[in-house]
Amino acid sequence: MFGDRVVSFVGCLCLSWLCLGLALAAPALAGDDYVLVSRQDSSVSITVSDLLANDPEAVSLVSFVPAVRGALSLSGPDLIYLPGASFWTMGSDSFSYVYSTPKGNGTSVVYLIADLKEDLEFSDTVDDPLLPDWQEVDPQSRLAVAVEPVTQNQAVLVTYGAGATAYIEYQIVGRAPTVTGGNTDFVIDPGADGIGPPVTGSNPFVTGASIGGTDDEWVYEMVIASGFTQGGDPAYEIVVQEADSGTYLLMRARRELTIANNGTNSEWVSTAPVEIGSKRARVSLTWWSAAEGEDGGAMLAADGKLIGWISGIDNSGYLADIWRFGSLTSPSGAAGQYYFDEFEFWSATDPPAFTPLLADGFESAGLSLWSLVSVNAALPSVTPAAALSGGYGLEVAMPASGSSYVGEPANTALNALRVRFKLRLSADFAMVDLKSVDLFNGRRGANVQDPVRLRLRQLGSQLKLKAMARKNGGGWVSTPWTVVPTEQVVEVELHWWSAQPQTAMNGGVELWVDGALSSKRQLDNGGIDLDELHFGLNVVPTGSVGTLYLDEIEGWR
């Protein structure tokens, strides 16, 4: 049961599913407190009076036990926690404190959890009916992409029943270190019928008494999402229950269980079912595996409201790096359909570190820093009119055909790259509908199938940008399209790295727009490298007009 206290946060501290850059109130279990620590926070302050508010009859703080992975101190009315390097590696920390009451002393625990919603692994708004970004679609006969009635947007439609399962799956393969925590966000819409009422017979999974109903109320439940280890062991599950009284959500987390004289086993730890106000809901789960002993856990939210906590469990053997969504169990005697949409997965792992490679703000008023300049008639030029900061920038007029760019060889082959630049599109910038031009190409010799690209496309009246990365064996992995307005300065950043080792699927590409991560994709691109960088307008389609302005181009390897 949840207490009614809140923790007062100082600084930019936020719940992962409501990360607004503001101080937010966090519900807590009676006696225990939970704090999510953002990477932007150099320290976190917890007001002692608020800390004690949910401790029965607490009068004052007596003492506290230092945290393991950070420095903890008392400063006036606040406890100050300074996370150490191991906190970000492990993803969690905790400390206990003793408080006085009229009847004696009591003890409670504060759990400090790294905000893991900063490293976006994958997102999908189901714009492509072929579901190309999912590693497994099983079975296809029970899965389709259809228009969701509520939003009129495309979504994954899952048909369940007859005891059969149907799900889509995404994996992080070959990642080192193994994923130790993260977030899973998605939208569900069960439509008019949900997962009940029963089609035939009456064979409930649980009686209504388990969620506060009457003993004769039938309740049907279905696992709609789960995180697995590479060995196939489930780390957590998200469950929806349908009853006459409403729609409920709960989660389960797997933990190790030592049985005397019988070795080690495991069991599910479950939260209580909580009714959600609408059958269509955004579901958010944050989870972390134990680093040392019993300090793992998970938390569940629906439509931004926290509805379940699990903490203090030994789940170090359950490191989820496979996600499944759909009908993972099929209720006996029930049948119907569910919509899934707006998937996002976040993990506690980071892309590789980068070192400086090139930089030009064009304040030299020339192109002396560039070894490569296109030979088309419409050459790029450095002009004051192109300045997006400072006095000069790069002006690239749309050529009638071919390319207009500046470039630089990498000297040695690169298996990781980061580039950033500011751009502005002129008011008349336009191409034929569905035609594209590349604003950046990471090239591999004379191979026209570049390992990585930033592609701009005309889609109706809008210009949209995406990042593309080449896979082993051919084909591309792309981020979703992001709108780029004309006559506005936009900062674009691209991260790309190839898989290590070569047979792994831990390569990646990220697109950042105006400092925010737009999307991240994982792919099998081991052995692919690049040795030349081009910035400008590459392979211009016929009928294109307008001018591109670039400034503050930077690159890291």
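All figures in this text were calculated on a predicted structure; none of them were measured in a lab.
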Report summary line: On a heavy-atom basis, the closest approach of V483 and P485 is O-CD, 3.8 Å
Query - L533 side chain near F440 side chain, heavy-atom distance below 4.5 Å - result: yes
Report task. Grab the two heavy atoms, one from V158 and one from A166, that are nearest each other, plus how far apart they are. Result -> CG1-O, 3.7 Å
Query raised in the report: Are the side chain of N415 and the backbone of G527 linked by a donor-acceptor contact shorter than 3.5 Å?
Result: no
Query - Nearest atoms (heavy-atom pairs only) where P380 meets V396 - result: CB-CG2, 4.1 Å
Requested in this report: Give every residue pair that meets the side chain to side chain donor-acceptor pair (under 3.5 Å) criterion with at least one member in residues 427-436, sequence neighbours excluded.
Outcome: S426-D428, S436-R457
Requested in this report: Indicate yes or no for a side-chain donor-acceptor contact from D514 to the backbone of E491 under 3.5 Å, with no hydrogens or angles considered.
Outcome: yes
Requested in this report: Kindly give the heavy-atom pair with the smallest separation between R557 and P356, and that separation in Å.
Outcome: CG-O, 4.4 Å
Query raised in the report: Can you check side-chain contact (heavy atoms from CB on, under 4.5 Å) on W370 and I553, steps first, answer last?
Result: CA-CA 11 Å; W370 297 93; I553 298 177; 3.9 Å; yes
Query - Approximate separation, where rounding is to 0.5 Å, of R418 CZ and W496 CH2 - result: 16.0 Å
Report task. Take L417 and L357 through the test side-chain contact (heavy atoms from CB on, under 4.5 Å) and record every step on the way to the result. Result -> CA-CA 9 Å; L417 176 70; L357 178 63; 4.1 Å; yes
Report task. For the residue pair V156 and Y339, establish whether any side-chain heavy-atom pair is separated by less than 4.5 Å. Result -> no
Query raised in the report: Looking at side-chain heavy atoms only, is the closest gap between D189 and D341 below 4.5 Å?
Result: no
**Report entry** From CA spacing to verdict: ring-ring contact (aromatic ring centres under 6.0 Å, His included), Y549, F429
**Finding:** CA-CA 11 Å; Y549 303 100; F429 196 103; 9.6 Å; no
Query raised in the report: Under the salt bridge (Lys or Arg N to Asp or Glu O under 4.0 Å) test, which residues partner E554, sequence neighbours left out?
Result: R420
**Report entry** D450 vs R443, salt bridge (charged side-chain N to carboxylate O under 4.0 Å, His left out): CA-CA, chis, key distance, verdict
**Finding:** CA-CA 5 Å; D450 308 326; R443 301 181 63 84; 3.5 Å; yes
Report summary line: Distance col, row S403:OG vs N538:CG, nearest 0.5 angstrom, shows 4.5 Å
Query raised in the report: Are the side chain of S374 and the backbone of Y405 linked by a donor-acceptor contact shorter than 3.5 Å?
Result: yes
Query raised in the report: With side chains defined as the heavy atoms from C-beta onward, is the minimum distance between P409 and L372 less than 4.5 Å?
Result: yes
Report task. Report yes or no: does E363 contribute a side-chain atom to a donor-acceptor pair with the main-chain N or O of Y392 at less than 3.5 Å? Result -> yes
Query raised in the report: Do you know which two heavy atoms are closest between L425 and L548, and how far apart they sit?
Result: CD2-CD1, 3.6 Å
Requested in this report: Anything under 30° is parallel, anything over 60° is perpendicular, the rest tilted; go ahead and classify F345 against W323.
Outcome: parallel
Query raised in the report: Are S401 and T542 side-chain neighbours, meaning at least one heavy-atom pair lies under 4.5 Å?
Result: no
Query raised in the report: Is the shortest heavy-atom distance from the side chain of Y236 to the side chain of M251 under 4.5 Å?
Result: no
Query raised in the report: Nearest 0.5 Å, what's the CG-CD distance between L394 and E552?
Result: 13.0 Å
Query raised in the report: Would you call D438 and R455 a salt bridge, using N to O less than 4.0 angstrom?
Result: yes
Query - Point-to-point distance, once rounded to the nearest 0.5 Å, from CG of N441 to CG of L530 - result: 10.5 Å
Report task. Check whether any side-chain heavy atom of R282 sits under 4.5 Å from a side-chain heavy atom of D185, and report yes or no. Result -> yes
Report task. Verify whether one side chain among E408 and S371 offers a donor that lies under 3.5 Å from an acceptor in the other. Result -> yes
Requested in this report: Please check if the distance between the ring centroids of F343 and W134 is under 6.0 Å.
Outcome: yes
Query raised in the report: Do the side chain of E169 and the main chain of I322 share a donor and acceptor less than 3.5 angstrom apart?
Result: no
Report task. Please tell me if the side chains of T329 and V239 come closer than 4.5 Å, counting only heavy atoms from C-beta onward. Result -> no
Query raised in the report: Atom OG in S498, atom CG in N472: separation rounded to 0.5 Å?
Result: 9.0 Å
Requested in this report: For E395 and A385, work out which heavy atoms get closest and say how close.
Outcome: OE1-CB, 4.3 Å
Requested in this report: Report the C-alpha separation of V187 and F340 in whole Å, then their side-chain angles, then the decisive distance to 0.1 Å, and conclude whether the side-chain contact (heavy atoms from CB on, under 4.5 Å) test is met.
Outcome: CA-CA 6 Å; V187 169; F340 290 78; over 6 Å; no
Query raised in the report: Do S226 and Y167 have side-chain atoms, one donor and one acceptor, less than 3.5 Å apart?
Result: no
Query raised in the report: Does E487 reach the main-chain N or O of A427 with its side chain, forming a donor-acceptor pair under 3.5 Å?
Result: yes
Query raised in the report: Given the rule in the side-chain contact (heavy atoms from CB on, under 4.5 Å) test, do L285 and L300 qualify, once you have shown the distances and angles that lead to the verdict?
Result: CA-CA 5 Å; L285 181 136; L300 182 68; 4.3 Å; yes
Report task. Decide if atom CZ of F421 counts as having more than 12 heavy atoms of other residues, nucleotides or ligands within a radius under 6.0 Å. Result -> yes
Requested in this report: Kindly say whether D127 contributes a backbone atom to a donor-acceptor pair with the side chain of Q154 at under 3.5 angstrom?
Outcome: yes
Query raised in the report: CG/L494 to CG/L511 distance, rounded to the nearest 0.5 angstrom?
Result: 7.0 Å
Query raised in the report: Cationic tip of R470 within the cone over W476's six-membered ring, i.e. under 6.0 Å and within 45° of the normal?
Result: yes
